[in-house]
Amino acid sequence: MNFLEICRQVADRCNVSGVIAGTVDQTGDHARVVRRVNDAWLEIQQSSDIWRFMRKRFEFNTVAGKPNYTVPLVTESIKPGGLSAIRRYMFETRSAACWPLGNKAGRTFLGLWEFSDYEDAFIYGVTQPGAPSVLAVDESDTIWLGSIPDGIYTVSGTVQLAASLLVASTDIPVMPEEFHMAIVYLAAMKIAATDNLPEVYSEADAGYKQVWGALDRTEKEPVTWGDPLA
């Protein structure tokens, strides 16, 4: 379902009169439905830091002699779904990798360093350019590679994206469609609680719990252990 279809479902369940024509510049009860749908969508996104549907892979090519890079996340490539900003990098064990351009068979995994350690070794220290083997992330979410690349390499990794709003009527929540009813039920609960609609609330609560159980079970990344300390 897209944003508009979700809003219409919520309006129908909450006995909101009239057909919602779009999700922008609405007024009255229609505007309230739009707001509550976005409230529900944000709440679901922010309820966990390990949702599968909020993870995206990235790749970029290095430039010889250039140590620092901004991950090229293009909003249009992520839409529909309303997600674009990085919440955090997911640099768990064996997740960030590097290989010579066009030679993925030569892939190696990158070690994650604290930026202060990276500065000491690669910014203030004297090193020779070479194939990157470590990376660090500074306070502005810029990636720094060491060794400083001596040629063109491809770097890949994963980011957890930040929660964001749905805007256009055609925006589609990025989580699998089978779970879109969780947004409908949660938004209906929010309206029913305000408007004193106990029957609507009870029905939506039961539906939400059922869908949420499946969402929570299937869309969370399993917790894994890192490398041993010694």
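A quick note: this is a predicted structure, and the numbers were derived from the prediction, not measured.
- M1 is connected to I191 through a chain of hydrophobic side-chain contacts under 4.5 Å among Ile, Leu, Val, Met, Phe, Trp and Tyr, so both are in one cluster.
- A heavy-atom distance below 4.5 Å is not found between the side chains of R35 and N38.
- The cluster map of Ile, Leu, Val, Met, Phe, Trp and Tyr, joined by side-chain heavy atoms under 4.5 Å apart, puts Y118 and Y89 in different clusters.
- Taken together through direct or relayed side-chain contacts under 4.5 Å among Ile, Leu, Val, Met, Phe, Trp and Tyr, F53 and L166 form part of one hydrophobic cluster.
- Here N68 pairs with nothing under the side-chain hydrogen bond (donor to acceptor under 3.5 Å, both in side chains) rule; sequence neighbours left out.
- Two residues are said to be in side-chain contact when any heavy atoms from C-beta on lie closer than 4.5 Å; N61 and L101 meet this criterion.
- Remark: F179 engages no residue in a ring pair (Phe, Tyr, Trp, His ring centres under 6.0 Å) (not counting sequence neighbours).
- A search for side-chain contact (heavy atoms from CB on, under 4.5 Å) contacts involving E114 returns S116, D117, not counting sequence neighbours.
- The side-chain hydrogen bond (donor to acceptor under 3.5 Å, both in side chains) test applied to D12 returns no partner, not counting sequence neighbours.
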Side-chain donor-acceptor contacts of residues 205-217 below 3.5 Å, not counting sequence neighbours, with atom names and distances?
unit_1, atom_1, unit_2, atom_2, d
D205, OD2, K209, NZ, 3.3
D216, OD1, K220, NZ, 2.6
R217, NH1, G213, O, 3.4

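- Judged purely by atom type and a 3.5 angstrom limit, Q160 uses its side chain to pair as donor or acceptor with the backbone of D49.
- Partners of E5 under the side-chain hydrogen bond (donor to acceptor under 3.5 Å, both in side chains) rule, at least two apart in sequence or in another chain, do not exist in this structure.
- The side-chain hydrogen bond (donor to acceptor under 3.5 Å, both in side chains) test applied to D120 returns no partner, not counting sequence neighbours.
- Annotation: cation-pi geometry not satisfied between K56 and F58 (NZ/CZ under 6.0 angstrom from ring centroid, within 45° of ring axis).
- Of all non-hydrogen atoms in L110 and P132, the two that sit nearest each other are CD2-O, 3.5 Å.
- When side chains are defined from C-beta on, F60 counts as touching I143, because their heavy atoms get closer than 4.5 Å.
- Considering all non-hydrogen atoms of both residues, L145 and V155 come closest at CD1-CG2, 3.9 Å.
- To the nearest 0.5 Å, atom CH2 of residue W51 and atom CD of residue Q46 are 12.5 Å apart.
- Residues forming a side-chain contact (heavy atoms from CB on, under 4.5 Å) with A204 (at least two apart in sequence, or on another chain): Y185, A188, M189.
- Residues V19 and I6 do not share a hydrophobic cluster, defined by chaining ILVMFWY side chains whose heavy atoms lie under 4.5 Å apart.
- Pairing each heavy atom of R36 with each of A187, the nearest pair is O-CB, 3.7 Å.
- Evaluation of the side-chain contact (heavy atoms from CB on, under 4.5 Å) rule for S140 yields D138, T142 as partners, not counting sequence neighbours.
- For P173 against H180, the heavy-atom pair with the smallest separation is O-NE2, 3.3 Å.
- Although no hydrogens or angles enter the test, the distance criterion places a donor-acceptor pair under 3.5 Å between the side chain of R52 and the main chain of T218.
- Of the candidates L42, D39, V37, L165 forms a side chain to side chain contact (heavy atoms under 4.5 Å, CB included) with just one, namely L42.
- Within 6.0 Å of the CD1 atom in I152, the count of heavy atoms belonging to other residues, nucleotides or ligands does not exceed 12.
- Pairs engaging residues 176-201 under the salt bridge (charged side-chain N to carboxylate O under 4.0 Å, His left out) rule: R32-D195, E43-K190 [sequence neighbours left out].
- Side-chain contact of R55 with T158: a donor-acceptor pair under 3.5 Å is absent, judged by distance alone.
- Residue D25 places its CG atom among 12 or fewer non-hydrogen atoms of other residues, nucleotides or ligands, all under 6.0 Å distant.
- Listed here is the closest heavy atom pair of T23 and C7: CG2-SG, 4.3 Å.
- Looking at heavy atoms from C-beta onward, S147 lies out of side-chain contact with Q128 at the 4.5 angstrom threshold.
- Here CH2 of W99 is found 13.5 Å from OH of Y153. Values are rounded to the nearest 0.5 Å.
- No continuous path of hydrophobic side-chain contacts links V33 to V200 [ILVMFWY only; heavy atoms under 4.5 Å].
- Within a 6.0 Å sphere centred on CD of E203, other residues, nucleotides and ligands contribute 12 heavy atoms or fewer.
- For the pair F3 and S169, the minimum side-chain heavy-atom distance is 4.5 Å or more.
- Between S95 and F109, the shortest heavy-atom contact is N-CD2, 4.1 Å.
- Scanning for side-chain contact (heavy atoms from CB on, under 4.5 Å) contacts around V134 gives W113, F122, with sequence neighbours left out.
- Side-chain contact between L161 and V159 is present, with heavy atoms from C-beta onward closer than 4.5 Å.
- Judged as a salt bridge (charged side-chain N to carboxylate O under 4.0 Å, His left out), not a single pair has a partner in residues 148-163 (not counting sequence neighbours).
- In this structure the side chain of K66 never reaches within 4.5 angstrom of the side chain of P149, judged on heavy atoms.
- Y69 has its side chain within reach of T62: a pair of non-hydrogen atoms, C-beta onward, lies under 4.5 Å apart.
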(request) Assess whether side-chain contact (heavy atoms from CB on, under 4.5 Å) is satisfied between R107 and C98, documenting all intermediate values. (result) CA-CA 5 Å; R107 182 181 66 166; C98 176; over 6 Å; no
